[in-house]
Amino acid sequence: MLTVAVLISGTGSNLRALLDAAADPEFPARVVVVGADREADGFAHAEEYGIPTFMVPFAQFASREEWGTELGAQLDVWRPDLVVLSGLMRLLPADLVDAWSPRIINTHPAYLPEFPGAHGVRDALAADVAQTGASVIIVDNGVDSGPILAQERVPVLPGDDEHALHERIKPVERRLLIDVVRRVATGDLDLAAVSASAQL
Ligand code: GAR
């Protein structure tokens, strides 16, 4: 059974989908802890499932590095097989990424490498593209620049605003995330091999 820590900042709808999937005894992974950089609404999903939570408030640390050290210490308590960034809206310091990579993945609401960063949906709308997408990647030390594990296109429809488009992307993200976690758990997807081949 693959153990997973999920890090969030917001509503945690992707976390919720992963928790729902993992509630199936046939699903080969379990969420063992949920962490956040702030008092995130998504904690409620973890609490509903009786899953422990921890918060490392970014605002209370003098630097990103000090925050990352404490976040890493919390993760070390749980020693998950995989860390999932599911809407964590903070860049992790390099030390923490290096400690966990390639066992740390991120979901993103765009078809990377298009529209990386904190405003993937807004940026796609501003660029007036006909389609955007959703991606799941291995986290590296760039901004949404790690090896792509899964991605799918989502059309931009006339009249879409940021909220409407994001709400249409999220179900695709959820499906991709659950599938990636399942494939990592079954050994179908070898993160170390993907990471190594990306560095060739
Ligand atoms: C998701 O769309 C996730 O991909 C995005 O935040 C949303 C969180 O939603 N993350 C990023 O944009 C990171 N660059 P949720 O809290 O409802 O799961």
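Counting from 1, the numbers follow the sequence of the chain as shown. As the structure is a prediction and not an experimental result, all values here were calculated from the model. Both counts, for ligands and for their atoms, begin at 1 and track the order of listing.
Remark: Arg175 engages Glu152 in a salt bridge (charged side-chain N to carboxylate O under 4.0 Å, His left out) (not counting sequence neighbours). Evaluation of the ring pair (Phe, Tyr, Trp, His ring centres under 6.0 Å) rule for Tyr111 yields no partner, not counting sequence neighbours.
Considering backbone and side-chain atoms together, Ser86 places no N or O closer than 3.5 Å to any N or O of ligand 1. Here's the thing with Asn106: none of its N/O atoms is less than 3.5 angstrom from an N/O atom of ligand 1. Geometrically, ligand 1 and Gly87 share no nitrogen or oxygen pair separated by less than 3.5 Å.
Side-chain atoms of Arg174 never come within 3.5 Å of backbone atoms of Leu18 as a donor-acceptor pair (strictly under, hydrogens ignored).
Residue-ligand proximity, His108 to ligand 1, at heavy-atom distances under 4.0 Å covers atoms 4 (O), 14 (N). Counting the atoms of ligand 1 from 1 in the order shown, those under 4.0 Å from a heavy atom of Ser13 are 15 (P), 16 (O), 17 (O), 18 (O). Heavy-atom contacts of Thr11 reach the following atoms of ligand 1: 15 (P), 16 (O), 17 (O) (cutoff under 4.0 Å).
Between Arg182 and Glu26 there is no salt bridge, since no side-chain N of the basic residue sits under 4.0 Å from a carboxylate O of the acidic one.
By the criterion of a heavy-atom distance under 4.0 Å, the side chain of Glu173, and not its backbone, is placed next to ligand 1.
Closest protein heavy atom to atom 5 (C) of ligand 1: Pro109 CD, 3.8 Å. Of all protein heavy atoms, the one lying nearest to atom 16 (O) of ligand 1 is Gly12 N, 2.7 Å. Considering only non-hydrogen protein atoms, atom 11 (C) of ligand 1 sits nearest to Met89 SD, 3.6 Å. Closest protein heavy atom to atom 18 (O) of ligand 1: Asn14 N, 2.9 Å. Atom 7 (C) of ligand 1 has its closest protein heavy atom at His166 NE2, 3.8 Å.
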For a side chain to side chain contact (heavy atoms under 4.5 Å, CB included) check, start with the C-alpha distance between Leu176 and Asp179, then their side-chain angles and the critical distance, and finish with the verdict.
CA-CA 5 Å; Leu176 295 179; Asp179 189 52; 5.8 Å; no
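Counting heavy atoms from C-beta on, the side chains of Leu92 and Trp100 never come closer than 4.5 Å. Looking at heavy atoms from C-beta onward, Tyr49 lies out of side-chain contact with Val31 at the 4.5 angstrom threshold. When side chains are defined from C-beta on, Phe54 counts as touching Val56, because their heavy atoms get closer than 4.5 Å.
Ligand 1 is approached by Gly117 to a heavy-atom distance shorter than 4.0 Å. For the ligand labelled ligand 1, residue Ile8 lies outside the 4.0 Å heavy-atom shell.
Residue Val139 is tested with Val84, Leu96, Ile104, Leu91 for a side chain to side chain contact (heavy atoms under 4.5 Å, CB included); the sole match is Ile104.
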